[in-house]
J.: 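Questions regarding the structure given below will be posed in turn.
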Number of protein chains: 2
Amino acid sequence: MSNDANDSSDAESLVEEHEQRINDLVADVDDPAELGADEDDGFSMQLAGLELDRRDFMKAGAATGLASAAGAFAGCQTALPDGKTPSDSGGGGDGGSQGASASHGHFVPPGEKDEYYGFWSGGHSGEIRVIGIPSMRELQRIPVFNTEPARGYGFDDQSSEMLEQAGDYTWGDNHHPNLSETDGDYDGEYLYVNDKANGRIARVNLKYFETDAIVDVPNVQCIHGTTVLSPDTKYVLGNGEFRAPLPNDGRDVNNPEEYTALFSAVDPESMETAWQVKVDGNLDIVDTGKEGRWAISSCYNSEEATEIQGMTRDDRDYAKVFDIPAIEQAVENGNYEEVNGVPVVDGTRESDLNSGDEPLVRYISTPKSPHCVEVGPDGKYAFIAGKLSPTVTMLDLDKIGEVDDPADAVAGRPKVGLGPLHTTFDGNGHAYTSLFIDSQVAKWDIEEAANAELGSSDPVIEKQDVHYNPGHIQALEAMTTDPDGEWLISLNKLSKDRFLPVGPIHPDNDQLIHIGDGEKEMEIVADHPAYPEPHDCVFAHRDKINPATTWDKADYEGEKPFVTAENSGVERTGENSVHVKASSKRSEYGMYDFTVQEGDEVRLTVTNVEGVRDIIHGVAIPEHDVNLAVAPQDTREVTFTADDPGVYWIYCTYFCSALHLEMRSRMIVEPSE
Amino acid sequence: MSNDANDSSDAESLVEEHEQRINDLVADVDDPAELGADEDDGFSMQLAGLELDRRDFMKAGAATGLASAAGAFAGCQTALPDGKTPSDSGGGGDGGSQGASASHGHFVPPGEKDEYYGFWSGGHSGEIRVIGIPSMRELQRIPVFNTEPARGYGFDDQSSEMLEQAGDYTWGDNHHPNLSETDGDYDGEYLYVNDKANGRIARVNLKYFETDAIVDVPNVQCIHGTTVLSPDTKYVLGNGEFRAPLPNDGRDVNNPEEYTALFSAVDPESMETAWQVKVDGNLDIVDTGKEGRWAISSCYNSEEATEIQGMTRDDRDYAKVFDIPAIEQAVENGNYEEVNGVPVVDGTRESDLNSGDEPLVRYISTPKSPHCVEVGPDGKYAFIAGKLSPTVTMLDLDKIGEVDDPADAVAGRPKVGLGPLHTTFDGNGHAYTSLFIDSQVAKWDIEEAANAELGSSDPVIEKQDVHYNPGHIQALEAMTTDPDGEWLISLNKLSKDRFLPVGPIHPDNDQLIHIGDGEKEMEIVADHPAYPEPHDCVFAHRDKINPATTWDKADYEGEKPFVTAENSGVERTGENSVHVKASSKRSEYGMYDFTVQEGDEVRLTVTNVEGVRDIIHGVAIPEHDVNLAVAPQDTREVTFTADDPGVYWIYCTYFCSALHLEMRSRMIVEPSE
């Protein structure tokens, strides 16, 4: 392939690469039948461009990976990118020439506040981002799986210990933020998010906008899809994506047929893993019904291959529907194997078919490699986007438990466009599905799709170009029983030429789309660059979130002291250890200086005694790699070793008053000798 | 003091605290003369509210720290906060009711680009932020002193080694970003920034928007002010703020009179420390003239005290003017002491007075504790903001070398308001000074101030309320010889009630102010929340920055290989070490799997062979704390130990194609047995 870095030849080089790879792949295919159409709906793999126009067929760049799937695009060389840059392509509703007048209130004037909180996962940045809607301004970052000095996260003792106990990693890959629910609505208590990279789930306390717990879920290497069990957050559920030996301790490393994937349930209070379910294939995304019984996961690689050609070989994969009460009953009945302290029940097809009981997991055939699952606001359907099929499979959740053949619960399979990944809702009967390959959002009519015969429906009302290659899309409160409509965010993976260039690492592009109540056309109102790499977001009306503006010391009483000026001081706690306690207020710490001996382990406890909001005091210790952030009425602690004799000026890193520069304490480390 | 966390009683509790502290401080004052007025300009410490209205006197909260300065506010109890919340206070030009129509082009429509790059320091977050102007959208983050997984910074071998060699810290406190200059204009090559916490200076390569060098400057604990020497970036200059023993190795820890502060010059190419100058007092901020000779630093704590009361005791402090060629000559003449490999010349007052030669450093008396120094666009004046004095001291740089008494180079001292910290310029004869205590920006006439008698000028044209407590302010290209006007950013330290609440740690508030050509009134156009805690920013027109969109492999040839699919593979390099090389492209790595032995040290080299921009491939290694970001045509390396036998699915973290999920490589760690 071409390694030419010349950007202007994007389209050409991709065409070359595309053709070459298709030729290679065709040569590799053992069974020509694999190149044929999907037998079920006669459509999903017929991407030969006969029924679709150029835009619907393939876009430069985005489709190249798809083209590498075995044979999917064989024979399609006639439909090529036309070499236009995407910004040449026009596309309705860009708003490019409409300016602020078309902002629909996107612009929040100085002194006014946003109406919604948006919680963005930060992907491999490891953080959660809080973004105001509709202004799209980043209001806060919440470090979760990363370490972050401005908030002292991973620097103070408490967060350091939490990270250490959860695997001692300094990063994670967070994908799916979920708000805790009571009676099916957001209760503003917690946000839960997964770490795909290390199989963890974290909890963010929304009183303080801080991570307060992380569990390293046993037996799983990767948790991808994550959701809370509606309506009352009974569990946080995690899809184990990568198949691995169980346990992954060196056994069976060369026997992939012994690998397995697990579906995990974590208790939202104790953050301990309640149970796990062993399944076939790779688990991708998960959502639950509104009734508390069903959790629906998408599955790819039902082939259980270890290489991409094998993973995409067969034309069919599965959605898996977990019957939560049945799984709980199996655990209660003792029908499990305990692995690393966790009850693991067997939810593989073979086991379920042989058990004679109601299955723990229903396997429902779908076109191959589906991606996202979302359950609609009324809880009636689960929407499973096709990814490699241009369709969305609708499962009727009322029927799942009734039908003998789970396939009979498929209520619709509208074709929506190429590369459908995620679906969201306006609460007025419309679904919006992101089309990764088409770089579009398709709006379609849910009931029309449900009423049509499988494979024959065409419920698409409108398509909106986005820039470029959307992953998750989310409309306001779309995951509740009462979506608010008005705004939809398209989390576009590529931004290419949409912003000033900032080097080879490009930002993503989160586009704000006005959808109103769904009766008018979609309109792109604003582009917002995003640091790599948000995956998903969730919105809550501001009335549902009630953060504290200062700390309530009752929340840490007994764990940490409250240090005032009067009880500031140094106490020797051992031959080589001291405990230093200091208050802080504008513009002084409780002690102007303190002395320790070379080699001392120093435990430093700092309280901010102020009662007013937004007066934070920092605690930077030069050349000791420490920075704490102590908010009003809060106490933070850090332990370090005073290895090097000398004078070190501890200083305040949060600009707190006109005499902020003078806010210092002098640590004197006397040489041993 | 009150520890009451009730926010609504802010004003009352501050009044109480203020009164109590003034009483305490007055009781502590040894010499009543210290409470008197400044004898020089008869104004700087006369803050009794007689000449100023309420707003000009004191605002709730911000002034509390100031009130703690010994005696400065004694007797002023009559002028108290009125208990109004700041949003009650009205203030012209908030734009609150003007909406998008008053945006002056702030809103950049979808598909259009910003006109200016803004480079924000990230404070104790350790990063640089790239923000588009006028949209205020964050386009990119550049990790500098922090570690950051999304870009693999501090994760890949190269950046890890750079951080390790520069002190092995995982954070820094960056304050002052500076763009490299050629012929007095930005050349788009590099950005330099200081780490206040650990006395370091870093360089960001603007071809790749990546940090490429960090120097831990010897002999200094804290570098605060930082600038490049105009017009051709001969040095990066750093103000050592904290006084400490020289060297700080355990000697003299209890003899503060032996402590010293150093002014450092770093070579911008080699990033080695060229020389240092020992000075009296604490150095704060620095800027240089346009002629390449003078560097002007502000100084506080000329008392050389170790506690805040002593630091703010005397009514006068100094600006220091460094004569760069004279210092170079002293070094060349061998008039230095070498400490830790760096020539240190003596620039203390005593030394200079006794030398008989032209002084290396000119000490110019100013009202006490000045903060920022900025040199105006024509290079004529340096503007030294008073902080604890309501004045700005203007130094005539043409006179500095001519006058016998450096005080004669003071060309003006306009009073501008309370808590003046930083000054910026529109290029049309106006200066804009941030007023921390007044929470305002004052626009004033430079020549009018220069033409008035000292202490008598009143050149203020207009004041604009900001929200709240501004630190640095910057207008477009104000630090060049040809400022562009139009926009000014006020980096406000407190946001209080301006955004949706996000917990006790509040964002800062960067306000965008339209200034046009300076002939009309200032107007606040937008509030933008900022993660803690930007200190300063610098702007360059987009025509001056030319980042690459893919890597040029010539830039790392000889250091790192370019791995193609053909030369991907595993090579055993020792009994317990292997080198794994893999290419990457959509949607596959060069190897579907590879096997190592338990305990092996694994060096993994990954090249992205793609030629198209914005197709990044990630390299996440589960449970090994590794994530790399490999941009097109780039190679990254990471070395880790395969301690735990098992199967680990290396996966791509940058969504790159429809088959991104399937982009994996399987690392098999065989047990040793």
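The model shown is predicted, which means the values in this text are computed figures rather than measured ones. The sequence lines fix the lettering, A, B, ..., with proteins before strands; numbering per chain opens at 1.
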J.: With a 4.5 angstrom heavy-atom cut-off, is it the side chain or the backbone of D284(B) that approaches chain A, or both, or neither?
T.: side chain
J.: If you tally heavy-atom pairs under 4.5 Å against chain A, which of P622(B), A631(B), P671(B) wins?
T.: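 Between P622(B), A631(B), P671(B), the count favours P622(B).
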J.: If we define contacts as heavy-atom pairs under 4.5 Å, which of R141(A), E670(A), E623(A), M136(A) has the most with chain B?
T.: R141(A)
J.: If you define the side chain from C-beta out and look only at heavy atoms, does anything of Y259(A) sit under 4.5 Å from R666(B)?
T.: yes
J.: Looking at A620(A), P507(A), G122(A), P532(A), which makes the most heavy-atom pairs under 4.5 Å with chain B?
T.: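 Greatest number of close heavy-atom pairs with chain B: P532(A).
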J.: So for H660(B), is it side chain, backbone, both, or neither that comes closer than 4.5 Å to the heavy atoms of chain A?
T.: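 Neither the backbone nor the side chain of H660(B) comes within 4.5 Å of chain A.
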J.: Go through the atoms of F155(A) and report whether side chain, backbone, both or neither lie under 4.5 Å from a heavy atom of chain B.
T.: side chain
J.: For the candidates G132(A), P529(A), G199(A), G471(A), which exhibits the highest count of non-hydrogen atom pairs separated by less than 4.5 Å from chain B?
T.: P529(A)
J.: Does any heavy atom of chain B fall under 4.5 Å from the side chain of I545(A), the backbone, both, or neither of them?
T.: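 Neither the backbone nor the side chain of I545(A) comes within 4.5 Å of chain B.
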J.: Would you say the side chain of L659(B) lies within less than 4.5 Å of the side chain of L388(A), judging by non-hydrogen atoms?
T.: yes
J.: Given the options I505(B), V108(B), N198(B), which has more heavy-atom pairs under 4.5 Å with chain A than any of the others?
T.: I505(B)
J.: Mind ranking Y169(B), Y531(B), Y208(B) by heavy-atom pairs under 4.5 Å with chain A and telling me who comes out on top?
T.: Y531(B)
J.: Tell me whether K113(B) forms a cation-pi arrangement with F499(A), defined as NZ or CZ under 6.0 Å from the six-membered ring centre and within 45 degrees of its axis.
T.: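 Checked: cation-pi criterion not met.
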J.: Most heavy-atom pairs under 4.5 angstrom with chain A, which of T653(B), D593(B), N146(B), D634(B)?
T.: T653(B)
J.: Return the CZ to NZ distance between F562(B) and K553(B), rounded to the nearest 0.5 Å.
T.: 4.0 Å
J.: Report the relative orientation of the aromatic rings in H124(B) and Y654(A); use parallel for angles under 30°, tilted for 30 to 60°, perpendicular for over 60°.
T.: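 The arrangement is perpendicular - the two ring planes meet at more than 60°.
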J.: For E241(B), is it the side chain, the backbone, both, or neither that has a heavy atom closer than 4.5 Å to a heavy atom of chain A?
T.: side chain
J.: Taking Y300(A) for the side chain and E662(B) for the main chain, is one N or O donor matched with an acceptor at less than 3.5 Å?
T.: no
J.: Taking the inter-plane angle between the rings of H106(A) and H528(A) on a 0 to 90° scale, is it parallel (under 30°), tilted (30 to 60°) or perpendicular (over 60°)?
T.: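 Plane angle over 60°, so perpendicular.
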J.: Given that the side chain runs from C-beta out, which part of N282(B) has a heavy atom under 4.5 Å from chain A: side chain, backbone, both or neither?
T.: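 Just its side chain gets close to chain A.
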J.: If we define contacts as heavy-atom pairs under 4.5 Å, which of N627(A), I668(A), I616(A) has the most with chain B?
T.: N627(A)
J.: Relative to chain A, which segment of R542(B) carries a heavy atom at a distance below 4.5 Å: side chain, backbone, both, or neither?
T.: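 Answer is side chain: those atoms of R542(B) sit under 4.5 Å from chain A.
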J.: For chain A, find which of G618(B), S125(B), G167(B), G123(B) contributes the most heavy-atom pairs closer than 4.5 angstrom.
T.: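 If we count pairs closer than 4.5 Å to chain A, S125(B) comes out on top.
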J.: By a 4.5 Å heavy-atom criterion (distance strictly below it), what part of N254(B) contacts chain A: side chain, backbone, both, or neither?
T.: side chain
J.: Without swapping roles, check the side chain of N469(B) against the backbone of K493(B) for a donor-acceptor pair under 3.5 Å.
T.: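 No, because the side chain of N469(B) does not come within donor-acceptor range (under 3.5 Å) of the backbone of K493(B).
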J.: With sequence neighbours left out, write down each residue that passes side-chain hydrogen bond (donor to acceptor under 3.5 Å, both in side chains) with D249(A), or none if nothing qualifies.
T.: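 Partners of D249(A) under the side-chain hydrogen bond (donor to acceptor under 3.5 Å, both in side chains) test: R251(A).
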J.: So what's closer than 4.5 Å to chain A heavy atoms on P245(B): side chain, backbone, both or neither?
T.: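 When you check distances to chain A, only side chain atoms of P245(B) fall under 4.5 Å.
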J.: Please confirm whether the ring centroid of F242(B) lies under 6.0 Å from the ring centroid of Y651(A).
T.: yes
J.: What part of V130(B) gets closer than 4.5 Å to chain A, counting heavy atoms only: side chain, backbone, both or neither?
T.: side chain
J.: By a 4.5 Å heavy-atom criterion (distance strictly below it), what part of L661(B) contacts chain A: side chain, backbone, both, or neither?
T.: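 The answer is both parts of L661(B).
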J.: State whether the side chain of E148(B) and the backbone N or O of A150(B) hold a donor-acceptor pair below 3.5 Å, judged by distance alone.
T.: yes
J.: Please confirm whether the backbone N or O of L494(A) pairs with a side-chain atom of D614(B), one donor and one acceptor, at under 3.5 Å?
T.: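 Between the backbone of L494(A) and the side chain of D614(B) there is no qualifying donor-acceptor contact (under 3.5 Å).
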J.: Which region of Y648(B), side chain (C-beta onward) or backbone (N, CA, C, O), has a non-hydrogen atom less than 4.5 Å from a non-hydrogen atom of chain A, or is it both or neither?
T.: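 For Y648(B), the contact with chain A is made by backbone and side chain together.
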J.: Between G126(A), P149(A), P504(A), which shows the greatest number of heavy-atom pairs under 4.5 Å with chain B?
T.: P504(A)
J.: Just by modelled atom types, is the A244(A) backbone N or O under 3.5 Å from a matching donor or acceptor in the Q221(A) side chain?
T.: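 No: the side chain of Q221(A) does not pair with the backbone of A244(A).
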J.: Starting at CZ of R137(B), measure out to CG of L500(A) and round the result to the nearest 0.5 Å.
T.: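 One finds 8.0 Å between CZ of R137(B) and CG of L500(A).
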J.: For Y117(A), which atoms come within 4.5 Å of any heavy atom of chain B: side chain, backbone, both, or neither?
T.: both
J.: Are the side chains of I308(B) and Y592(A) in contact, using a 4.5 Å heavy-atom criterion?
T.: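 A side-chain contact under 4.5 Å exists here.
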J.: Relative to chain B, which of T595(A), D644(A), T306(A) shows the most heavy atom pairs under 4.5 Å?
T.: T306(A)
J.: Please flag which part of S495(B) lies under 4.5 Å from any non-hydrogen atom of chain A: side chain, backbone, both or neither.
T.: both
J.: Do you know which of N301(B), D168(B), T147(B), V502(B) has the most heavy-atom pairs under 4.5 Å to chain A?
T.: V502(B)
